[in-house]
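Values in this document were obtained by computation on a predicted structure and should not be read as measured data. Sequence lines set the chain letters: A, B, ... in the order given, protein chains first and strands last, and positions in each chain run from 1.
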Amino acid sequence: MKVLTSVFLAGAAIAVSTGASAGTMEDVAGKGFIQCGVSQGLPGFSNPDESGNWTGIDVDLCRAVAAAVLGDASKVKFSPLSAKERFTALQSGEIDILSRNTTWTLVRDTALGLNFAGVNYYDGQGFMVRSDLGIKSALELDGASACVNIGTTTELNLSDYFRTNNMKLNPVVFEKADEVVAAYDAGRCDVYTTDQSGLAAQRQKLKDPGAHMLLPEIISKEPLGPVVRHGDDKWLDVVKWTLYAMIEAEELGVTSANVDKMKGSDNPGIRRLLGVEGDGGKNLGVSGDWAYNIVKQVGNYGESFDRYVGPKTPLALERGLNALWSDGGLQYAMPVR
Amino acid sequence: MAVDQVAPAARPPFFYDPRVRAIFFQVLVLALVILGGAYLVNNTLANLARQGIASGFGFLDTTAGFGISMSLVEYSEESTYGRVFLVGFLNTILVSVVGVFFATVLGFLIGVARLSRNWVVSKMANAYIETLRNIPLLLQLFFWYFAVLRTLPSPRNSVELFGSFFLNNRGLTSPSPIPEAGFSTVVISFAVAIVAAFFVARWARKRQEATGQQFPRFWAGLGIIIGLPLLAAIVTGFPLSWSVPELRGFNFVNGMVLIPEFVALVVALSTYTAAFIAEIVRAGITSVSHGQTEAAFALGLRRSPTLRLVIIPQALRVIIPPLTSQYLNLTKNSSLAAAIAYPDIVLVFAGTVLMQTGQAVEIISITMATYLALSLLISGFMNWYNQKMALVER
Amino acid sequence: MSEQSQDYTTGQHPDLPAPITSTGVIGWARINLFATIPNTILTVLAVLLLLWLIPPVIDWAFISADWSGQTRDDCTREGACWVFIKVWFRQLMYGRYPVDEIWRINLAYIIAVAAGILLFVPGLRGKPWIGLFLLAGFPIIAFYLFVGGSFGLPDVETPLWGGLFLTLVISGVGIVASLPIGIVLALGRRSKMPVVRSLCITFIELWRGVPLITVLFMASVMFPLFLPEGMNFDKLIRALLGVMFFSSAYMAEVVRGGLQALPKGQYEAAQALGLSYWKMMGLVILPQALKLVIPGIVNTFIGLFKDTVLVLIIGLFDFLGMVQLAGTNPDWLGFAIEGYVFAAFGFWIFCFGMSRYSQHLEKKLHTGH
Amino acid sequence: MSMNPHGQESSASGSQMAISDEVAIQLNNVHKWYGQFHVLKDINLTVHRGERIVICGPSGSGKSTLIRCINRLEEHQKGQIIVDNIELTGDLKHIELVRREVGMLFQHFNLFPHLTVMENCTLAPIWVRKMPKADAEETAMKYLERVKIPEQAQKFPGQLSGGQQQRVAIARSLCMNPRVMLFDEPTSALDPEMIAEVLDVMVGLAESGMTMLCVTHEMGFARKVANRVIFMDGGEIIEQNDPEQFFNNPKSDRTKLFLSQILHH
């Protein structure tokens with residue numbers, strides 16, 4: 001008994017991360033890595049390969065934060081989380097950032113004790129059906145069975161959409177995304193609905209991706225972004241400005257390839273971003289070359305986008321809403337000055 | 001040394017008094033438990049307050065806003081989270097009751113087959129038992145759901161049975177009865193028939209006790225229970241119409257549908273539990289010693305009364321307690337519904353509602369309390385039954 | 001008969017061979033297959049059912065199955081694609097545990113199996129010590145092997161643990177930890193002290209009354225809120241805690257069964273000899289009660305072993321979870337059935353083996369008592 | 001002696017052994033209830049050191065309960081029980097002391113089946129008397145020889161016959177070096193041919209001067225070794241006398257009826 005207790009305590013001691021209550025920033029600096037909550041496997045956003053290396057734009061965001069705070073983008077540990085666990089994991093301090101294609105809503109921002117740090121992907125909910133059903137519009141879906149992920153905003157939007165259009169809905173809800181896809185693939189549902197990016201990603205997991213089509217309707221706004229705990233403004237600032245730095249870098253044309261050369265640029269915006277001028281880093285509580293580290297080690301927003309979800313990837317998503325504001329999109333970085 | 005010198009013993013030193021020791025120890029344990037509990041509660045409250053997480057049970061009145069694929073009571077998106085709980089709870093009860101029924105029937109069949117003198121039948125029953133009870137239920141559930149679902153056709157290519165039943169990957173669609181005027185007569189006559197059958201059985205027993213004459217009470221009772229409602233139906237002109245399902249759009253409308261999640265869950269739960277019940281039944285029957293049969297035969301009883309009056313009552317006493325705990329297991333196992341989208345309490349309440357509101361503590365507590373109440377109810381019944389049987393035994 | 005019997009004097013009857021109809025294959029078949037007409041019909045139906053069921057399965061699993069290759073393109077035939085299992089085998093067994101470190105898991109397996117085999121050697125002295133080692137010493141060794149971070153072994157984080165390895169870890173920890181807790185609870189439940197007794201009953205009935213899945217949900221979403229700010233457990237540890245509570249409640253009931261099965265005279269004799277409560281329990285009652293309930297313990301372990309698959313619902317990749325993960329890999333879509341069959345077979349081997357062992361023990365205890 | 005209303009025990013003379021004046025066990029106005037059921041009613045009894053008392057009576061008369069109270073296997077609710085000048089109260093220390101000094105034999109032997117004969121005998125000396133193992137084994141061997149089964153020392157109880165088991169149980173009690181022995185129907189679970197071997201050992205024990213309280217229906221044994229026979233019925237001591245008087249000249253009708261039932265069968 002005693003031996004067992006001591007074994008257990010030893011285990012507990014190793015597994016317990018005693019984060020200082022001082023703040024996430026100090027906590028992260030102390031332990032030397034960032035614990036990042038990601039999805040359990042969504043290609044393009046966060047997906048592990050066979051040896052456990054994570055890739056995707058949500059993953060890149062965490063790496064960028066690590067680059068900014070610790071100067072090393074590899075100092076990240078990933079916790080794959082289900083939709084159900086994600087908020088508790090963040091609330092309890094198990095993770096430092098939740099970067100798991102999470103939609104920014106009022107309830108989440110308030111009643112759940114969370115703070116959204118920005119939007120790294122503007123999405124909208126779409127529908128996928130079998131091509132041979134011969135459907136052209138979501139408005140023809142009266143009486144359809146819809147496969148959907150449990151407890152997501154998607155599930156609520158779906159109900160709202162059918163209600164407003166006076167259509168009957170048979171929802172079939174699953175806990176895990178893979179189960180939703182499997183059920184849809186097995187013919188349990190007429191339609192599969194989730195964020196459009198998700199549809200594109202999950203489509204690869206269907207037996208015959210070509211036999212399915214997306215319907216034109218986008219029924220909701222799904223701003224997806226990183227989330228941090230409520231009440232830790234310093235950390236919120238770091239995450240928020242990490243995202244802006246990535247966007248700003250793209251606006252300014254700074255890429256991981258040319259960042260060293262750009263350091264010598266005489267564009268004051270670039271000089272400020274890369275820490276050559278001003279003390280933005282100091283105000284943020286990180287080193288002066290924080291943005292340089294982000295761009296050098298992770299890349300700017302556009303690079304990350306193209307690498308994992310852009311047209312040249314299996315997901316083949318257009319920039320669309322995620323284009324820079326200057327190109328008619330919504331990605332707009334607050335001035336880094 | 002004279003005994004007289006022994007004075008009445010002084011009170012023992014308090015630390016050797018077992019009562020004092022017991023009280024001390026219990027107070028200590030209680031204090032530790034209360035302290036531990038208070039520590040956890042305190043932490044939880046602090047965590048909730050610090051992060052501004054909502055708490056309390058007010059959420060039960062909030063509008064849910066999502067749909068549920070199967071409901072025994074009126075439910076729509078405008079209903080509240082409290083209603084969602086009710087829907088999930090009733091679905092849990094439904095699948096448990098149906099599962100218990102099929103598991104019992106199948107389990108008794110297989111248990112008897114296991115004891116069959118036919119070698120092939122006995123070995124097949126054995127293979128069934130050993131296969132099913134050694135594979136995790138969740139795995140079997142996935143098999144029944146995904147493997148069987150994939151082989152079923154789409155609604156447009158439904159398998160048609162008897163003209164009005166349709167089997168496809170949306171489930172089994174069947175006509176639903178619509179009661180018309182006069183239908184209540186049939187229902188009432190059914191109730192009357194059950195009461196009548198009961199009294200006939202009692203009369204038959206009394207008569208046998210008094211005169212020794214026997215009466216086929218089983219067949220008579222069955223006749224009454226089927227005959228009387230049938231008669232009522234004929235008299236009132238079959239006051240029941242059917243809403244026949246028809247294919248419209250890409251799904252059937254009208255009629256009623258057994259969703260595949262329900263079917264898969266019932267099949268998995270009952271085939272799995274049946275393997276355990278079969279073993280219980282076998283053990284129960286073999287526990288009645290062969291001497292009992294021989295004694296009954298020696299008294300001149302024939303096979304059927306021997307079984308009915310001697311063997312089965314004794315076997316049941318052995319069977320019922322473990323059988324009840326299997327029913328309990330089945331009810332608890334129905335929570336695996338969450339893995340295949342059957343809208344039971346775990347899926348819709350501890351799942352969807354939890355994620356919408358984020359109030360983990362309240363929702364998980366309610367869910368666990370519900371199962372606990374169900375368990376206590378069933379095991380309370382079991383204890384009552386055991387006591388009753390134990391009285392009969394003496 | 002009557003003429004024959006006249007040939008012999010009393011006490012001189014030689015043994016006669018039994019009639020052909022009651023011995024040999026024919027006799028056996030007559031008795032066991034074709035005793036009566038309904039019985040014969042039953043036999044025929046059963047055989048037909050077997051003929052309908054078995055050949056397609058054998059054909060799928062063996063005859064037209066693909067066994068060799070490295071990619072899904074090597075699966076060209078009608079039957080099962082066992083290449084899928086072959087390619088994913090390491091992950092199914094060890095999860096994402098680093099390849100270079102897998103020897104640590106294997107070493108622990110070898111130690112456990114070796115100790116287990118010693119337990120079976122008949123007549124070996126000191127078996128209780130081996131048992132104690134398996135229950136107390138081995139977990140410590142395994143813990144340091146698996147987690148690493150000391151003795152020069154690199155750290156392996158628990159999110160990398162998976163597959164059958166994780167299943168064994170969870171069920172193993174569950175059973176080893178639940179034994180002492182279960183014993184304490186069982187003693188508490190039989191205690192004469194009302195507060196202790198009711199606390200134990202409450203604890204036991206609470207965990208036995210709820211499904212494991214709600215316990216795991218509780219572990220994954222509620223436990224973190226119980227802890228003070230800035231302190232939290234690894235997800236695996238939380239799941240293990242849940243499993244431990246759950247299984248110790250069941251274990252308590254098993255142990256209680258053993259305590260109740262002991263005749264009252266054993267308690268009285270120990271008391272009459274002057275043994276105190278704890279000496280009586282430790283020296284006389286528990287050794288007997290625990291031996292009596294070994295089959296029950298094994299059965300609890302089987303149940304727990306099967307139940308651990310539920311951890312996939314809270315996002316741990318146990319054996320079945322890993323099979324599912326492999327099945328949704330875009331390169332290997334459509335082989336889920338092979339994965340499930342393999343998992344079912346794996347679980348079956350373990351559970352069937354253990355249940356046979358427990359039956360064997362039960363028989364041994366029955367005759368040896 | 002005023003506490004004892006009967007005052008007959010000093011006249012007891014059924015045996016050749018001397019009885020000391022020293023009081024071994026003293027029961028004063030002892031009452032016991034099982035729930036509402038009054039099992040022991042105002043029991044008064046004094047046992048001197050070296051006395052051998054046989055208690056008999058119909059089943060349910062409270063005789064087993066009486067001797068089980070003496071080492072506190074049952075708790076009495078009223079009155080005094082004093083063993084070796086130690087009064088049995090709630091005091092754990094007292095109970096412990098009394099149990100060390102009082103050995104007990106059971107109807108069903110109650111050997112510990114998971115321990116060998118030797119381990120059965122050494123368990124209490126080692127753990128209660130804190131004796132070194134070698135000494136304990138030496139003592140055990142001595143008593144096993146005395147009950148004439150030293151050769152069975154390494155066997156398990158399950159391998160022995162009933163008579164042998166009961167003899168081991170006696171040896172096990174003796175190993176604690178008790179000053180008083182209680183016997184609760186030690187032969188009633190034995191086959192007839194085994195009763196003799198157990199009784200032989202008990203007679204030997206009696207001859208060595210052990211204080212004994214024995215619930216038994218073996219009247220031959222009573223005649224041979226007892227210096228007092230007590231008859232109980234309905235939770236009361238009805239009659240007590242030396243064996244000669246008790247068997248030949250019972251005073252109470254209930255005793256006569258009882259004796260006629262067990263002797264003429």
Interchain contact, [X] with chain B, by part (heavy-atom threshold 4.5 Å):
X      : answer
C:L50  : side chain
C:L312 : side chain
C:R197 : neither
C:I349 : neither

Closest contact, heavy atoms only, [X] versus [Y]:
X      : Y      : value
C:A343 : B:L139 : C-CD2, 3.8 Å
C:A46  : B:V120 : CB-CG1, 3.7 Å
B:Q26  : C:P194 : OE1-N, 3.3 Å
C:C351 : B:N134 : CB-OD1, 3.4 Å
B:S335 : C:P211 : OG-CB, 3.3 Å
B:T131 : C:W348 : CA-NE1, 3.6 Å

**Prompt:** Looking at C:I302, C:L42, C:V196, C:L320, which makes the most heavy-atom pairs under 4.5 Å with chain B?
**Reply:**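 Top option by heavy-atom pairs under 4.5 Å: C:L320.
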Less than 4.5 Å apart, side chain to side chain, heavy atoms only: is that true for [X] and [Y]?
X      : Y      : result
B:L30  : C:L199 : yes
C:F217 : B:V346 : yes
C:F226 : B:N43  : no
C:S355 : B:E130 : yes
B:L137 : C:V309 : no

Is [X] close to chain C through its backbone or its side chain, or both, or neither, when contacts mean heavy atoms under 4.5 Å?
X      : value
B:A373 : neither
B:A22  : both
B:F142 : side chain
B:V33  : side chain

What's the separation between atom [atom1] in [X] and atom [atom2] in [Y], rounded to the nearest 0.5 Å?
X      : Y      : atom1 : atom2 : result
C:I213 : B:L138 : CD1   : CG    : 8.0 Å
B:I366 : C:T214 : CD1   : OG1   : 13.5 Å
B:F146 : C:Q324 : CZ    : CD    : 7.5 Å
B:S379 : C:R208 : OG    : CZ    : 8.0 Å
C:W207 : B:M368 : CH2   : CE    : 4.5 Å
C:M222 : B:S365 : CE    : OG    : 4.0 Å

Between [options], the one whose heavy-atom pairs under 4.5 Å with chain C are most numerous:
options                        : value
B:P136, B:A338, B:S375, B:S334 : B:P136
B:T331, B:T367, B:I363, B:L336 : B:L336
B:Y371, B:F25, B:F143          : B:Y371
B:T44, B:N118, B:I364          : B:N118

**Prompt:** Under 6.0 Å from the CZ atom of C:F223, do we count more than 12 heavy atoms belonging to anything else shown?
**Reply:**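 Correct, the count exceeds 12.
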**Asked** Would you say B:F24 has more than 12 foreign heavy atoms packed within less than 6.0 Å of its CZ?
**Response**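 No, not enclosed.
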**Request:** Would you sort out whether B:V29 and C:M193 count as a side-chain contact (heavy atoms from CB on, under 4.5 Å), showing the intermediate values?
**Result:** CA-CA 11 Å; B:V29 168; C:M193 294 182 256; over 6 Å; no
**Request:** Tell me, with the steps shown, if C:V195 and B:I23 meet side-chain contact (heavy atoms from CB on, under 4.5 Å).
**Result:** CA-CA 9 Å; C:V195 173; B:I23 290 170; over 6 Å; no
